[in-house]
Amino acid sequence: MAEAIAGSVHDGDTVAIEGFTHLISFAAGHEIIRQHKRDLTLARLTPDLIYDQMVGAGVARKLIFSWLGNPGVGGLHAVRRVTEGASASLELEEYSHFGMVGRYTAGAMNLPFFPLRSYFETDLPVANPLIRPIRSPYGDDLVYAVPPLEPDVAIIHAQRADEQGNTQIWGLLGCQKEAAFAAQRVIVVVEELVSEDVIRADPNRTVIPGLIVEAVVVEPFGAHPSYAQGHYDRDNRFYIEWDAISRDADLLEQWLDEWVYGVAGRAEYRDKLGDERLDALRPGSSPSGSVDYGDYR
Amino acid sequence: MAEAIAGSVHDGDTVAIEGFTHLISFAAGHEIIRQHKRDLTLARLTPDLIYDQMVGAGVARKLIFSWLGNPGVGGLHAVRRVTEGASASLELEEYSHFGMVGRYTAGAMNLPFFPLRSYFETDLPVANPLIRPIRSPYGDDLVYAVPPLEPDVAIIHAQRADEQGNTQIWGLLGCQKEAAFAAQRVIVVVEELVSEDVIRADPNRTVIPGLIVEAVVVEPFGAHPSYAQGHYDRDNRFYIEWDAISRDADLLEQWLDEWVYGVAGRAEYRDKLGDERLDALRPGSSPSGSVDYGDYR
Amino acid sequence: MSPPEPVEAADFSASEMMIVAAARELAGRHVCFVGVGLPNIAVNLAKLTVATDLELVYEAGVFGARPARLPLSIGDPTIVTRATAVTSMFELFGFYLQGGLIDVGFLGAAQIDRFGNINSTVIGDYAHPTTRLPGSGGACEIAINAREVFVIMRQSRRSFVQRIDFRTSPGNLGGADGARIRREQGWLGAGPSVVITDLGVYHFDAGGVMRLDSLHPGVTLEDVQGKMAWQPAVADRLIETAPPTAEELRLVRDVLDTEGIYTR
Amino acid sequence: MSPPEPVEAADFSASEMMIVAAARELAGRHVCFVGVGLPNIAVNLAKLTVATDLELVYEAGVFGARPARLPLSIGDPTIVTRATAVTSMFELFGFYLQGGLIDVGFLGAAQIDRFGNINSTVIGDYAHPTTRLPGSGGACEIAINAREVFVIMRQSRRSFVQRIDFRTSPGNLGGADGARIRREQGWLGAGPSVVITDLGVYHFDAGGVMRLDSLHPGVTLEDVQGKMAWQPAVADRLIETAPPTAEELRLVRDVLDTEGIYTR
């Protein structure tokens, strides 16, 4: 991971660590903090705890987002500290969920804009002049457009990939695929490295082709406290604990010292969490069953 | 099938029997012929043999398409007879593949247009004035737009569905999903009706939700001479035979008499083909393997 | 089925009353866009009572969820396992919501005005807010594309305001012109149809203005007036919300939120 | 590796020469958009010889195909089984092709002009054609978005024409202005780079005009001139195409097209 981040993430880059609740690469976010990256623009529909930690650690100059919060718990306090009041210092570029999805999609498709039926009669196009009206060439329909978003780096956590980076995901898909295709460089972080044969057995399950992947990093529990469908549950306890930690800048700094700067990497973080806590997150089994692609020769 | 077609397909409708080489519902096309539907607008990227047969049988007034041929063999002769020369009587509305995909996508998404980087400096926008330029609201980029296509009926062949119409497909996906979401009514034709439990075991495999499905028809080998991944191979022999049949209007009429009008439905068609021919199309096995979604309680 | 037992007002919490009132409003609805928290419980209660055919679409990309436990986040893995379909967000927002398949969307709000316009972005000035709220998420497009919108929120002078600080999600706009503008601009949604608070239930009149139709048991009109920044329109026949039945409470407490996470 | 044996011109067919010449042109290319037929064999031959890292993207939605037999149609199930990824056509055309991941696209043509503009739509008038051809399929967007385009076609006075009847796929447009227009309009593709026929191999000069660079063994300049409707530009050093090596022929005949479906 250290090598992948050092090689692909540079100061000033636009970075997208995507994942809607599911498969958020906390491991990559922590490594970015450890490497003291600066002036990053962080893009993500739901900045979530990982961006709160990164903002708290001072790596970010700007957020591009659609929903800013600790889902089910409350606000992102490190972000609030630098966005509220006269001293607001973090730049915000704000859309709706579908606007962000449209931005990644336009980026992936090399389109100059993506049209959507949103934003009518709201203050969002006022707050963000990049949200612009566009008229249909078929009659009078006016819709809104968002511009393409092409991150320098997309970091995608997944259940498994092969060495070439052919990556398979099941469960919530968010907009990881769109973000990856939109990005200049893609880092894939997986629970499990598998042989090419495992991937080739079920090609419809492949979400990201190795073609666009720059690095594959193996990091079991690399999404914790987010989750990986079938591997472990979301650690909701930490989402609640973070509320108190993040309300106090000193506590947050202590937390970073202990859990990010204080560990060499994810293996140490896992050890520190301990087997008991991690084992408690493992779900029972619910197999997909197998389908037959047929052998045609 | 007879009931589903009688209930959902009306004279004058726009009908999309989709599928890119894979999963083309010949069974539905033949039933439409048997029921003497008239003045249909037939939409499909690749009209293929099924639309050649339907045009030959006189059900169609118009084609909306992007590639007109018998893939790997040659032309569609029934279509050519009514599109060439002074007596051309079939209306054509012509796009490129991506234009057709964009049309279905705009239909599915309730967008007034879909933008794409195609058609520059070609004669296609001249031949089809529905292909129109549109300027990006971000600088000078000019791209082309296609209008939404919302068929009255989409007919989708699939490997399996449950009784509610939750439908799973593996192998080539074409633009069946987009066509189904774009359509007013959806008929799903499947190789196999399965219990809800089979579908629910692997929710990422579901391509079409029962929510938008009007009828589920069970019709093994219903895509023949097209194919169903894992179930049977494409019957390439028939694609070659069709070339000679379709070149001669009388031969084509005889073929329809024997294989469409002359059988009550797909069961009789299968019997007529015979087990030997069908068995020869069955592939060996190539299982996908199973993934674990995890049981979270 | 035996007739529902009467239940005393003291026997349920304000959250439980909100959930039950919201569930009842879902009678006759077919497809619902679900967020986590109170709406999730309300929708599942409706499915067990007044709207057994209700289909649930979760923002995270899940159709036909069959959660084995109460989902604790909007993307809880329990809504994925044994669902009928899991989709990308492109498809969820594009094909399901913007495509017109959603009958009812639920929204919360930090501020609402009498026309049902909603702010969930900032309190104060946008560039230097006193409180930075989460922002739209999907709310903006839900407000525009869901056929109707249910709002669930607690009521106070700070939340029921004369003028919202930022319009995140459009409601009936300026009131009487709302329906016309929605129609002319080709929106799929007719806008907010009901607001359920801890004090009562509101619908909207022909002019697009919120009207108090029902007071929860034990709540007075004065209580309500004390917790909003305008003088509410009140129904000619203001009624008392029927309290939760024993069966409704049993379902909420013993089936849907056994740990009382959202309902205490 | 032993040096390739010389092979006599009589030992191979015109199709085999086209396949071998096309495969050699793929040296140094990384990602190729594949159609069925001759291009499919050429691309697979290149992967076994001059471009072992070549990645194949099939129009039907397949990346990393590993066909167990020669695909007989563009959507043959054998390209799906044991591929690395299978995608929708939305994604294939949107993310792979328009997204700029394709280095080389192959096109066939019914008519081509000296600037590499292609017609695969109609012969004659569009409304009342003498011959109705298949139309664009994906050709139009391949011509615009693939970084470069290889054209494979048989040559005749009816196919190498002064003026094409319909422009389905843009090449170098009017010639010298082609590159400028492509750049100004933001096209990803630089246009056609090579035309491989049954008689020879053409590239394009700085003015965007097709130039004969190589004659297949046994073909004369007069043969070529007799099968095109304009006087071709000819390379200063017109060479003879190196005939297929024994190894190239072995691969085509014994591995890629064992039944000789496309190569006889």
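Just so it is clear: chains get the letters A, B, ... in the order the sequence lines come, proteins before strands, and each one is counted from 1.
- Contact annotation for D:Glu55: only side-chain heavy atoms (C-beta onward) come within less than 4.5 Å of a heavy atom of chain A.
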- [ ] Please lay out, stage by stage, how A:His22 and A:Gln176 fare under the test side-chain hydrogen bond (donor to acceptor under 3.5 Å, both in side chains).
- [x] CA-CA 10 Å; A:His22 186 209; A:Gln176 278 96 314; 5.6 Å; no
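- In terms of heavy-atom pairs under 4.5 angstrom with chain A, the leader among D:Val80, D:Leu97, D:Asp76 is D:Val80.
- In this structure, chain D has no heavy atom under 4.5 Å from any part of A:Ile208.
- Heavy atoms of A:Asn204 lying under 4.5 Å from chain D belong to its backbone as well as its side chain.
- Aromatic ring centres of A:Phe181 and D:Tyr96 lie closer together than 6.0 Å.
- Chain D forms more heavy-atom pairs under 4.5 Å with one residue of A:Lys177, A:Arg205, A:Glu196, A:Glu178 than with any other, namely A:Lys177.
- Per-residue heavy-atom pair counts under 4.5 Å with chain A were compared for D:Gly186, D:Ala83, D:Ala68, D:Gly100, and the maximum is reached by D:Ala83.
- Enclosure of atom CD in D:Glu184 by more than 12 non-hydrogen atoms of other residues, nucleotides or ligands within 6.0 angstrom is indicated.
- In this structure, a donor-acceptor pair under 3.5 Å is absent between the side chains of A:Arg44 and A:Tyr51.
- With respect to the salt-bridge test (charged N to carboxylate O, under 4.0 angstrom), the residues A:Arg117 and A:Asp141 qualify.
- Neither the backbone nor the side chain of D:Val62 has a heavy atom closer than 4.5 Å to any heavy atom of chain A.
- Heavy-atom distances place no part of A:Asp202 under 4.5 Å from chain D, backbone and side chain included.
- For D:Phe95, the parts sitting under 4.5 Å from any heavy atom of chain A are the backbone and the side chain alike.
- Of the inter-residue distances, the one linking A:Arg297 atom CZ with D:Thr81 atom OG1 reads 9.5 Å to the nearest 0.5 angstrom.
- In terms of heavy-atom pairs under 4.5 Å with chain A, the best-connected choice from D:Gly64, D:Pro67, D:Ala85, D:Gly99 is D:Ala85.
- For A:Tyr227 and A:Tyr232, the gap between ring centers reaches or exceeds 6.0 Å.
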